[in-house]
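One structure is given below, encoded as structure tokens.
Chain letters run A, B, ... following the sequence lines, proteins first and then strands; every chain starts at 1. Side chains included, hydrogens not; waters and symmetry mates left out as well; all remaining heavy atoms used. A quick note: this is a predicted structure, and the numbers were derived from the prediction, not measured.
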Number of protein chains: 2
Amino acid sequence: MPRVALSAESTDPKPTRREQILAAAAELFARHGFHGVGIDDIGSAVGISGPALYRHFRSKDAMLGEMLTSISEVLLTGGQARVATVAEPGATLGELVRFHVDFALDNPALITVQERNLGNLTDPDRRKVRALQRRYVETWVEVIRTSVPAVSEPTARAAAHAVFGLINSTPHSRHLDRDQMADLLTDMAMAALVHAPVGRDGLQPGFSAG
Amino acid sequence: MPRVALSAESTDPKPTRREQILAAAAELFARHGFHGVGIDDIGSAVGISGPALYRHFRSKDAMLGEMLTSISEVLLTGGQARVATVAEPGATLGELVRFHVDFALDNPALITVQERNLGNLTDPDRRKVRALQRRYVETWVEVIRTSVPAVSEPTARAAAHAVFGLINSTPHSRHLDRDQMADLLTDMAMAALVHAPVGRDGLQPGFSAG
DNA sequence: ACAGTCGGTTAGCAAGCGCTAACCAGACGC
DNA sequence: GCGTCTGGTTAGCGCTTGCTAACCGACTGT
């Protein structure tokens, strides 16, 4: 994999054909779903038409596969990098949240595709993506459990998924400008993580907050 | 529309054929996407095969259309009912959150379909669903703005969408049992809404928390 | 008893799909 | 200046899809 790119924040002056194609396909898959987009649609979105795509990808499935593994790799390595390089340990969770928020705001189409089209992957591709995602969730779980006292592992896992849902909601609402949105999402995610799961575990299963 | 049903919580002893079909189709659409499911798949999921569905629906698009308008109507009327019948005004937001949490936990397939397949609707159907959703968001915005002091309307709208994302994440994580999950999601949503957007508005646009 | 409706069946059509085949223009190495 | 890649083109194949047509058995009202 010569150039990972695919991410809108790279702002390459000269993106590879492969990269343009993946970007256009991501946009289309996000809007219409994998099966709702034809080979010809993707082609004409980058100015070439139809079967020319097969000079760059082996199949339509391969496009989705490369797209999703690429996202998963970027998220995993980026998240791990943020965790590794943070100065004081109290700031790790905030750093992780901010990283995911920035990624989601800068790559809304990719986020949408990863959320919606995991089921359209080829079996081996899905296994690979699932494995990467699991490791990403794992780093979140670890950081949550060291940052928030006394939260069980299943609760941390569920909370991580919930926060992903919160942050990934960004493609569906464009009411604020980018930086306001980033701050809002970061603060909401932190509040949800820090204030909510506390004191939740260790209680009887029949407990109800209502 | 004789029977709204479609919702798993109704636990009809004798669901209509239409209802079984819609439930099966929702499950399939959620898993494979609208275009990834064939008429024959839906048919055999309810024990009949293929074109027999056209005795109950005019087209495949009509199935999705009825499914999504039904969900949107249930959410809107249910939400408005909770808001109308709440005793003390301070509990309104919590009531609304709990209502949405319960719906999402009891109808994961429907939530998934509504999130992913809005773009596959017919134009008039999409207009109708969008209108219903807008009114639902509107009641959320009103309740948020009366419950949380000094939050601007665009911020409240963005926060509502973010909370929907948080709550609707439930189909993607099954690590807790239903009631624990309901409590966790409710508390996270409330924390995100109450603690985060406070003091956010009225600041200069250039403000950044990072 | 019998006509009508209701809810099924199978056969098959027209269109769209992913993909391959065959061809071709231009850039480049030697 | 000629062969070879590279990255396009169009034609078209084989399959699947949504949907219709034609038919049919079981209830039901009169």
Could you state the [atom1]-[atom2] distance from [X] to [N], rounded to the nearest angstrom?
{"X": "A/L28", "N": "C/dC17", "atom1": "CG", "atom2": "P", "answer": "13 Å"}
{"X": "B/I48", "N": "D/dC24", "atom1": "CD1", "atom2": "P", "answer": "20 Å"}
{"X": "B/I42", "N": "D/dG18", "atom1": "CD1", "atom2": "P", "answer": "8 Å"}
{"X": "A/H32", "N": "C/dC17", "atom1": "NE2", "atom2": "C1'", "answer": "16 Å"}
{"X": "A/K60", "N": "C/dG16", "atom1": "NZ", "atom2": "C1'", "answer": "12 Å"}
{"X": "B/F57", "N": "C/dG7", "atom1": "CZ", "atom2": "P", "answer": "12 Å"}
{"X": "A/L53", "N": "D/dT9", "atom1": "CG", "atom2": "C1'", "answer": "13 Å"}
{"X": "B/I21", "N": "C/dG8", "atom1": "CD1", "atom2": "C1'", "answer": "11 Å"}

Let me spell it out: for each of A/R55 and A/F34, pick the nucleotide of DNA chain C with the closest heavy atom. Which residue's pick is nearer the 5' end? A/F34
Report, as yes or no, whether the 6.0 Å neighbourhood of atom CZ on A/R134 holds more than 12 heavy atoms from other residues, nucleotides or ligands. no
Is the CZ atom of B/R135 crowded by more than 12 outside heavy atoms at less than 6.0 Å? no
Heavy atoms from C-beta onward define the side chain here; which of C/dT20, C/dG8, D/dT20 lies closest to that of B/P51? D/dT20
Give a yes/no answer on whether the side chain of A/R17 brings an N or O atom under 4.0 Å of OP1 or OP2 in D/dT6. no
Need one value for A/H56: base, sugar-phosphate or nothing, where a base atom within 4.0 Å counts as base even if backbone is also close, heavy atoms only. sugar-phosphate
Using a 4.0 Å heavy-atom cut-off, does B/V37 contact any base of the nucleic acid, only the sugar-phosphate backbone, or nothing at all? sugar-phosphate
Gap between atom CD1 of A/I21 and atom CE of A/M67 - 0.5 Å precision: 10.5 Å
Would B/H195 and A/H195 satisfy side-chain hydrogen bond (donor to acceptor under 3.5 Å, both in side chains), going step by step from the backbone distance to the final call? CA-CA 9 Å; B/H195 292 135; A/H195 292 137; 2.6 Å; yes
